[in-house]
Amino acid sequence: MENKKRYYLALSKNSGRLNELDLGEILGFEDNETMQIITQLLSEHKIEYYEKGRCNYIIMKGFRGKNRKVYLY
């Protein structure tokens, strides 16, 4: 749980500069553990797969209006 929160905060500050696996490595996670955290965050709808730049995932900031997403790049 603590690792998931750390990774989520690091991903939001990353702004697409690092690959998602490299970001996990910097935090001290193995690739398998990083992918498990990403899977959990995807299932909770906290992140979204979005292929742009180096990182393939973005934070789902929130909804305004009718299902409108705000992306952090």
Side-chain angles (χ1 to χ4, degrees):
M1 187 67 165
E2 178 67 31
N3 291 341
K4 183 171 68 170
K5 187 174 183 179
R6 282 182 45 216
Y7 186 83
Y8 180 77
L9 292 174
L11 186 63
S12 68
K13 292 179 183 177
N14 180 36
S15 299
R17 289 180 293 235
L18 290 173
N19 182 327
E20 60 274 357
L21 295 177
D22 292 339
L23 183 62
E25 227 174 85
I26 289 172
L27 295 173
F29 307 144
E30 295 181 10
D31 290 349
N32 190 23
E33 185 178 3
T34 302
M35 291 309 295
Q36 287 177 352
I37 292 171
I38 289 172
T39 303
Q40 290 174 357
L41 291 171
L42 282 169
S43 68
E44 294 172 2
H45 301 287
K46 291 188 176 185
I47 64 173
E48 181 179 30
Y49 181 80
Y50 187 77
E51 202 170 325
K52 180 172 179 153
R54 293 185 183 130
C55 189
N56 293 326
Y57 297 93
I58 58 170
I59 302 295
M60 292 184 63
K61 188 73 170 172
F63 296 102
R64 290 183 289 169
K66 189 172 182 171
N67 295 331
R68 194 169 140 205
K69 298 174 189 165
V70 176
Y71 297 110
L72 296 175
Y73 296 111

For residues Glu20 and Asn14, determine if any side-chain heavy atom of one lies less than 4.5 Å from a side-chain heavy atom of the other. no
Hey, does Glu25 have a side-chain heavy atom less than 4.5 Å from the side chain of Asp31? yes
For Leu42 and Ile47, which heavy atoms make the closest approach, and how far apart are they? CD2-O, 3.6 Å
Within the distance-only criterion (no hydrogens, no angle test), does the side chain of Arg54 pair as donor or acceptor with the backbone N or O of Leu18 below 3.5 angstrom? no
Holding to salt bridge (Lys or Arg N to Asp or Glu O under 4.0 Å), I want the full list of residues that pass it with Lys4, two or more places apart in sequence or in another chain. Glu44
Rounded distance [0.5 Å steps], CD1 in Ile58 versus CG in Leu11: 9.5 Å
Which heavy-atom pair separates Gly24 from Thr34 by the least distance, and what is that distance? CA-OG1, 3.6 Å
Separation between OH (Tyr57) and CG (Leu23), nearest 0.5 Å, reads 12.5 Å
Check whether any side-chain heavy atom of Asp22 sits under 4.5 Å from a side-chain heavy atom of Cys55, and report yes or no. no
Among residues two or more places apart or on two chains, list those pairs meeting ring-ring contact (aromatic ring centres under 6.0 Å, His included) that have a residue in residues 1-47. none
So for atom CD, which belongs to Glu30, do other residues, nucleotides or ligands contribute more than 12 heavy atoms lying within a distance under 6.0 Å? no
